[in-house]
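One structure is given below, encoded as structure tokens.
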Amino acid sequence: MTVGLWATLTYRDAEAAMTWLRAVGFTEHEVYREDGDPSNVAHAEYLWPAGGGVMFGSYAGERPTWPKQPGTGSAYLMTDDVDRAHDAATAAGGASLQAPHDEPYGRTAAVTDPEGNIWSFGTYDGG
């Protein structure tokens with residue numbers, strides 16, 4: 001599978017992030033841990049069923065190509081079932097920012113993950 005776009009995030013607790021991402025509907029693609037500390041995720045890749053993915057790792061201080069602080073990212077996830085994605089995200093510890101509702105361009109909702117990153121779900125596919 002070729003993935004043409006990756007969102008990039010950092011987490012203080014990458015293990016908890018992996019649990020949350022799986023609950024929302026992502027699948028694990030790759031996880032690389034630090035040799036001396038396996039609780040520290042050096043690099044992970046999770047795939048979204050509709051395409052694309054997220055790369056993330058444990059926060060280890062500021063790096064030039066990573067978000068400056070955990071909890072400061074955002075992503076849009078296209079899905080046919082906005083309500084299910086929203087419900088799964090909040091059941092797994094996310095907080096609802098915007099309940100599922102209809103807009104002229106489709107159904108949409110938004111949550112924060114347990115560390116504060118914003119995840120929007122919607123049926124709008126850019127077409």
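Being a predicted model, the structure only gives us computed values, none of them experimental. All residue numbers refer to positions in the sequence shown, counting from 1.
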- Item | Derivation of the side-chain contact (heavy atoms from CB on, under 4.5 Å) call for Val24 and Trp119 | CA-CA 10 Å; Val24 172; Trp119 297 85; over 6 Å; no
- Inter-residue atom distance Phe121.CZ - Thr79.OG1, 0.5 Å rounding: 8.0 Å
- Item | Gap separating the CH2 atom of Trp48 from the CG atom of Leu21, nearest 0.5 angstrom |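 Answer for the CH2-CG pair, Trp48 versus Leu21, is 9.5 Å.
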- Task: Answer yes or no: is there a side-chain heavy-atom contact under 4.5 Å between Tyr124 and Met78?
- Result: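 Sidechains of Met78 and Tyr124: no contact.
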- For the residue pair Leu9 and Val54, establish whether any side-chain heavy-atom pair is separated by less than 4.5 Å.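 They are in contact (side-chain heavy atoms under 4.5 Å apart), so the answer is yes.
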Can you sort out the partners of [X] under side chain to side chain contact (heavy atoms under 4.5 Å, CB included), two or more places apart, ordered by chain and number?
| X | result |
| --- | --- |
| Arg33 | Glu15, Met18, Val31, Pro38, Val41 |
| Ala95 | Thr112 |
| Ala110 | Leu97, Gln98, Ser120 |

- Message: Using the salt bridge (charged side-chain N to carboxylate O under 4.0 Å, His left out) criterion, which residues pair with Asp13? Sequence neighbours excluded.
- Response: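 Expected list: none.
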So which heavy atom on [X] is nearest to which on [Y], and how close?
| X | Y | value |
| --- | --- | --- |
| Ser96 | Val111 | CA-CG1, 4.1 Å |
| Ala7 | Ala75 | CB-CB, 4.5 Å |
| Ala89 | Trp20 | O-NE1, 3.0 Å |
| Pro114 | Gly93 | CG-O, 3.8 Å |
| Asn117 | Thr10 | ND2-O, 4.4 Å |

- Might you work through the side-chain contact (heavy atoms from CB on, under 4.5 Å) test for Thr108 and Val82, ending with a clear yes or no? CA-CA 6 Å; Thr108 189; Val82 171; 5.6 Å; no
- Apply the test side-chain hydrogen bond (donor to acceptor under 3.5 Å, both in side chains) to residues Tyr46 and Glu30: give CA-CA distance (whole Å), side-chain angles for both, the deciding distance (0.1 Å), then the verdict. CA-CA 7 Å; Tyr46 274 50; Glu30 300 281 350; over 6 Å; no
Is the backbone of [Y] close enough, under 3.5 Å, to the side chain of [X] for a donor and an acceptor to pair up by distance?
| X | Y | value |
| --- | --- | --- |
| Ser58 | Arg12 | no |
| Tyr76 | Gly122 | yes |
| Asn40 | Glu34 | no |

- Message: Show me the pairs that pass ring-ring contact (aromatic ring centres under 6.0 Å, His included) and involve residues 83-112, at least two apart or across chains.
- Response: none
- Query: How far apart are the C-alpha atoms of Ser39 and Asp37, what are their side-chain angles, what is the distance that settles it, and do they pass the side-chain hydrogen bond (donor to acceptor under 3.5 Å, both in side chains) test?
  - Reply: CA-CA 5 Å; Ser39 68; Asp37 181 5; 2.6 Å; yes
- Task: Return each pair, listed once, that meets salt bridge (charged side-chain N to carboxylate O under 4.0 Å, His left out) where at least one residue sits in residues 89-115; pairs must be two or more places apart or across chains.
- Result: Asp83-Arg107, Asp102-Arg107
- State yes or no: do Leu47 and Met55 share one hydrophobic cluster built from I, L, V, M, F, W and Y residues joined by side-chain heavy-atom distances below 4.5 Å, directly or via other members? yes
- Query: Is it true that atom CG of Asp80 has more than 12 heavy atoms of other residues, nucleotides or ligands lying nearer than 6.0 Å?
  - Reply: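 Check fails, neighbour count at 12 or below.
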